[in-house]
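Accompanying notes for the structure given below.
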There are 2 protein chains.
Amino acid sequence: MVNVESLRPTRQRRAVSDVLSTITKFSSAQEVHAVLISKGEKVGLATVYRTLQALAETGAIDVLRNEDGEALYRACGTDHHHHLVCTICNKTTEIAAPEVEIWTEKIAREQGYLISGHTIEVFGLCKNCR
Amino acid sequence: MVNVESLRPTRQRRAVSDVLSTITKFSSAQEVHAVLISKGEKVGLATVYRTLQALAETGAIDVLRNEDGEALYRACGTDHHHHLVCTICNKTTEIAAPEVEIWTEKIAREQGYLISGHTIEVFGLCKNCR
DNA sequence: CTTTTTGCAAATCTTTTGCACTCTA
DNA sequence: TAGAGTGCAAAAGATTTGCAAAAAG
């Protein structure tokens, strides 16, 4: 399970992390909550929101926004990477993008910006859905 | 002003487009509405939402989501490009990224995905804000 | 005259908060 | 025991939607 210092390992947090380690697609707080409930775990929706947020803040899990502006979470590898997301099944593949990181730096320098971060998400249909 | 076929050029739409062509940063529907009001234009908030949405759908303007999940709009160049956004003043610079587009294709092919689109946004502090 | 658009206000929906209560360290 | 964490239910806020009136072609 995703482990984070300074966050007490409560039953609820353990449950959320467990679910996250099971799911391979980006899921909303509501979806994670639904899974918990269906598994018989008693966890409040607010707690799921708070936990997911906390985990995301420490960088333990990744977040992205779907087209509707909902926050989607997913347990991911620890090093910097981006995602290839299936627009039908939401299957997610982590991708490393060294050349893009470099490009990012270059662009920023050219424009006189001091970079703080970037978002790169590629959408499409995965093998099974196409 | 941004012109789109099949959308009747009403006073409200003209007003929204005019504001968009004035603003150089990504703005929320609420912000656009506020500007309209402050200029004495009488346009309903719902209309602003509907107009912005319609324009975005036709590709006449660009949309992106901020960290809070709010939709931000901006009139942009017609060809495919991405953005460099200042996290303080929201100043936006359009950037072309041929190498990234190529990389995107390559990754998708490798993973067996059929690409439908991608999101690339670079955030940082602009010259004036750093 | 027919089809779009609008404006409002009401309804949605996701996410956040206040608070009293329950755990963990 | 003190500080963190939790559950609800209420509060926020951004969007959407229903509908009757107004505008456009």
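We name chains A, B, ... by the order of the sequence lines, and we start the count at 1 in each one.
A heavy-atom distance below 4.0 Å to DNA chain C is reached by these residues of residues 44-52 of chain A, ordered by number: A/Ala46, A/Tyr49, A/Arg50.
One finds no side-chain N or O of B/Arg8 lying less than 4.0 angstrom from the OP1 or OP2 phosphate oxygen of D/dG25.
Among B/Glu94, B/His118, B/Glu121, the single residue meeting the side-chain hydrogen bond (donor to acceptor under 3.5 Å, both in side chains) criterion with B/His82 is B/His118.
Nearest-nucleotide assignment on DNA chain D puts the 5′-proximal partner with B/Ala71, out of B/Ala71 and B/Thr10. Looking at which nucleotide of DNA chain D each of B/Arg11 and B/Arg65 is closest to, the 5′-most match is held by B/Arg65.
Protein chain A touches strand DNA chain C; the 5'-most and 3'-most nucleotides with an atom under 4.0 angstrom of its non-hydrogen atoms are C/dT14 to C/dA25.
Within 4.0 Å of B/Gln12, counting heavy atoms only, lie sugar-phosphate atoms of the nucleic acid but no base atom.
Taken from CG in B/Leu125 to SG in B/Cys129, the straight-line distance is 7.0 Å, to the nearest 0.5 Å. Atom CD in B/Gln30 sits 5.0 Å away from atom CG in B/Leu45 (nearest 0.5 Å). Once rounded to the nearest 0.5 Å, the distance linking CG of B/Leu55 with CD1 of B/Ile61 reads 4.5 Å. Interatomic distance, CG of B/Leu52 versus CD of B/Glu57, reported as 11.5 Å (0.5 Å rounding). Expressed to the nearest 0.5 Å, how far CD of A/Gln111 lies from CG of B/Leu84 amounts to 6.0 Å.
Between the side chains of B/His80 and B/Glu101, at least one donor N or O sits under 3.5 Å from an acceptor N or O.
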- Item | Trace of the ring pair (Phe, Tyr, Trp, His ring centres under 6.0 Å) decision for B/Tyr49 with B/His33 | CA-CA 9 Å; B/Tyr49 271 104; B/His33 181 247; 8.7 Å; no

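Following rounding to the nearest Å, A/Glu41 (CD) and D/dG7 (C1') show an atom-to-atom distance of 15 Å.
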